[in-house]
Number of protein chains: 2
Amino acid sequence: MLKEDHLSVTQDCNDCPIRHRAVCARCETDELERLEDIKYYRRFEAGQTVIWSGDRMDFVGSVVSGIATLTQTMEDGRTQMVGLLLPSDFVGRPGRSTAAYDVVATTDVVMCCFRKAPFEDLMERTPHIAQRLLQMTLDELDAAREWMLVLGRKTAREKIASLLSIIARRDATLNMGRLDGPVTFDLPLTREAMADYLGLTLETVSRQVSALKKDGIITLEGKRHVTVPDMTLLLEEAGDDTDGGMLV
Amino acid sequence: MLKEDHLSVTQDCNDCPIRHRAVCARCETDELERLEDIKYYRRFEAGQTVIWSGDRMDFVGSVVSGIATLTQTMEDGRTQMVGLLLPSDFVGRPGRSTAAYDVVATTDVVMCCFRKAPFEDLMERTPHIAQRLLQMTLDELDAAREWMLVLGRKTAREKIASLLSIIARRDATLNMGRLDGPVTFDLPLTREAMADYLGLTLETVSRQVSALKKDGIITLEGKRHVTVPDMTLLLEEAGDDTDGGMLV
DNA sequence: TTCCGGTCTTGATCTGTATCAAAGATGATT
DNA sequence: AATCATCTTTGATACAGATCAAGACCGGAA
């Protein structure tokens, strides 16, 4: 649900009918005019690396459309995805000059960027922005910690169910969909990307997706189009508290 | 390294010779006087649960002394530690009223607390605080993501080495120790707690600690007192980039 | 000193997931 | 329509770590 004082850029941002919300609806007008100078769009193709870990990072921004991932790679090639960037997600870290992770476009991606130094100035002058960014960062921290439980303690089947639940929920949030009937969405990730997110191999992902399908927890049309007849069942498979809290 | 504008409470805070730094050195004096009204100390015994997940959380604070953990538990008892709270770490979440995790005192703990509502007011009025808190939260997010790589992709031996590296580094930071010679510290965690942090069983932790000892990567006096003759070797075992970045 | 509860180690065996291998879809390009 | 590259599924086997089980250690209490 996009809030009035949302820092994120909404999907309409590219046309910019609501560009004045791009940073913060509570900002005064003159700040927003100034914003125009430091805002610009970037387009990335599917597969393209937006930024490499260790690179100088001279912008912050948010995803307007498309999907990108945040990944960490060890020298021997083992890869762990540490974040999934969907439309409205914020990218970059105020106060740090180099990127800590690879950011890779999974699909074609449009990002709305702000030059970093002026953005940081703006943040200093307008406290709402720092406060809003703090809330967003705390949410991401919660998500990361939630994921630590998935990675550390869940079985392969539970991991898959957890990932599907999260994608279903995020998809519903973005598209104003409901979660109380059958839920349908497109998987934005290859089996390999899912594996990298879940700390599994792609073969195991494939097997467990097939198993969930066989057991009627999900239906597949093609490889990527998923229908969940009953989210409650999926959440049970994920091993989450079954009080339905996630459905609210 | 404690910074001048550190939000955290330092170890001396209990005696409060430097209590005016308790929130932010850059705050003006009158804000600090007001602070006295909303600050208090709490003492917890080893094993005591500071707060239960889901509980109403009416304070924020920071650890003055002792060690606490942030854990998540599934209905069937599987437990994952999602954070380790050492002296100077911040506890609590401005803007959210219930705790998301269990906070458990591992040793006796003293926390310096601030009543939540007034603290949030203070944050609104004094932008440095929100900004400092944002930096701290971003650091925690980095730590959580680092840990996702450990949980998702590292072997048991690498996991143990990673945990020991982190504890060694944090210990050195707090005690102004060096990391370029032999490093000695006390393990603040039982084998079971280590297992819960690493997504392993306590038996596997025990075996891998023994293996690292046999291979001369570490030495043990008793069960808990660890010496690392050469941090570089330990970092190699952890599978971290071996450019020594961590030693700086 | 002995007892005792909690912690830790070690051994034997089991199992979930990785690994290795091959073939089946799918969609783009010619 | 045929070719090709990429993604996905499925099978056979191997292995890291879990599980089950038994003691060893260690500090505190009596």
Side-chain angles (χ1 to χ4, degrees), chain A residues 45-48 67 69 74 76-80 104 106-108 150-164 186-215 218-226 237 239, chain B residues 45-47 74 76-80 104 106-107 150-164 186-215 218-226 237 239:
Chain A
E45 286 172 26
Q48 198 181 342
I67 283 136
T69 63
M74 295 171 70
D76 62 6
R78 279 177 284 174
T79 296
Q80 177 65 50
V104 183
T106 293
T107 64
D108 289 353
V150 173
L151 291 172
R153 292 299 185 196
K154 291 195 177 177
T155 64
R157 170 184 264 244
E158 289 169 334
K159 284 178 175 183
I160 300 289
S162 299
L163 180 58
L164 294 177
D186 280 311
L187 261 183
L189 302 172
T190 64
R191 298 290 184 261
E192 188 180 22
M194 292 172 70
D196 284 342
Y197 204 15
L198 296 166
L200 299 169
T201 59
L202 67 93
E203 293 95 331
T204 299
V205 171
S206 178
R207 279 185 243 271
Q208 297 298 335
V209 169
S210 300
L212 287 176
K213 182 173 141 194
K214 187 164 66 61
D215 297 346
I218 60 171
T219 344
L220 285 179
E221 278 171 73
K223 311 288 181 190
R224 299 291 192 87
H225 195 73
V226 181
E237 291 295 338
Chain B
E45 286 172 26
M74 295 170 71
D76 62 5
R78 280 177 283 175
T79 297
Q80 177 64 52
V104 183
T106 293
T107 63
V150 173
L151 290 173
R153 291 301 184 193
K154 291 194 177 178
T155 64
R157 171 184 263 245
E158 288 169 334
K159 285 179 174 183
I160 300 288
S162 299
L163 180 57
L164 294 178
D186 280 311
L187 261 183
L189 303 172
T190 64
R191 298 291 185 259
E192 186 179 25
M194 292 171 70
D196 284 342
Y197 203 17
L198 295 167
L200 298 170
T201 59
L202 68 91
E203 293 94 331
T204 299
V205 170
S206 178
R207 279 186 243 273
Q208 296 298 337
V209 169
S210 300
L212 287 176
K213 181 172 142 195
K214 186 164 66 61
D215 297 346
I218 59 171
T219 343
L220 285 180
E221 279 170 75
K223 312 288 182 190
R224 299 290 195 88
H225 195 73
V226 180
E237 291 295 337

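In what follows, every chain begins at residue 1, and chains take the letters A, B, ... in the order their sequences are listed.
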Note, A:T69 side chain near A:D196 side chain (heavy atom, < 4.5 Å) = no
Rounded to the nearest 0.5 angstrom, the CG-OH distance for A:L163 and A:Y197 is 7.0 Å
Which atoms of nucleotides 25-27 of chain D (N or O only) lie under 3.5 Å from a protein N or O atom, and what are those distances?
none

Give a yes or no on whether the backbone of A:L202 and the side-chain of A:S206 come within a donor-acceptor separation of less than 3.5 Å.
-> no
Calculate the interatomic distance between A:D196 atom CG and C:dA18 atom P; express it in whole Å.
-> 11 Å
Return yes if some donor-acceptor pair links the side-chain N/O of B:R78 with the main-chain N/O of A:R153 below 3.5 Å, else return no.
-> yes
CG of B:L187 versus P of C:dC8: gap in Å, rounded?
-> 9 Å
Check whether any side-chain N or O of B:R157 sits under 3.5 Å from a backbone N or O of B:V209 as a donor-acceptor pair, and report yes or no.
-> no
Checking A:Q48 side chain against A:V104 main chain: does a donor-acceptor pair fall under 3.5 Å?
-> no
Side-chain contact test, heavy atoms from C-beta onward, threshold under 4.5 Å: evaluate it for B:Q80 versus B:L151 and give yes or no.
-> yes
In whole angstrom, what separates B:K214's NZ from C:dT10's C1'?
-> 13 Å
B:L220 and B:K223: which non-hydrogen atoms are nearest, and at how many Å?
-> CD2-O, 4.2 Å
Proximity to DNA chain C (any heavy atom under 4.0 Å), residues of residues 153-160 of chain B only = none
B:R191 has an atom CZ; how far is it from atom P of D:dA24, in whole Å?
-> 19 Å
Length of the CD-P vector between B:E192 and C:dG5, whole Å | 18 Å
Would a 4.5 Å heavy-atom cut-off, applied to side chains only, mark A:L198 and A:T204 as touching?
-> no
Mind running a 4.0 Å heavy-atom check of residues 198-211 of chain B against DNA chain C and sending the residues that fall below it, in number order?
-> B:L202, B:E203, B:S206, B:R207, B:S210
Given side chains that start at C-beta, do those of A:M194 and A:L187 come closer than 4.5 Å, heavy atoms only?
-> yes
Do the non-hydrogen side-chain atoms of A:R224 and A:T190 ever get within less than 4.5 Å of each other?
-> yes
Starting at atom CZ of A:R78, determine the distance to atom C1' of C:dT19, rounded to an integer number of angstrom.
-> 14 Å
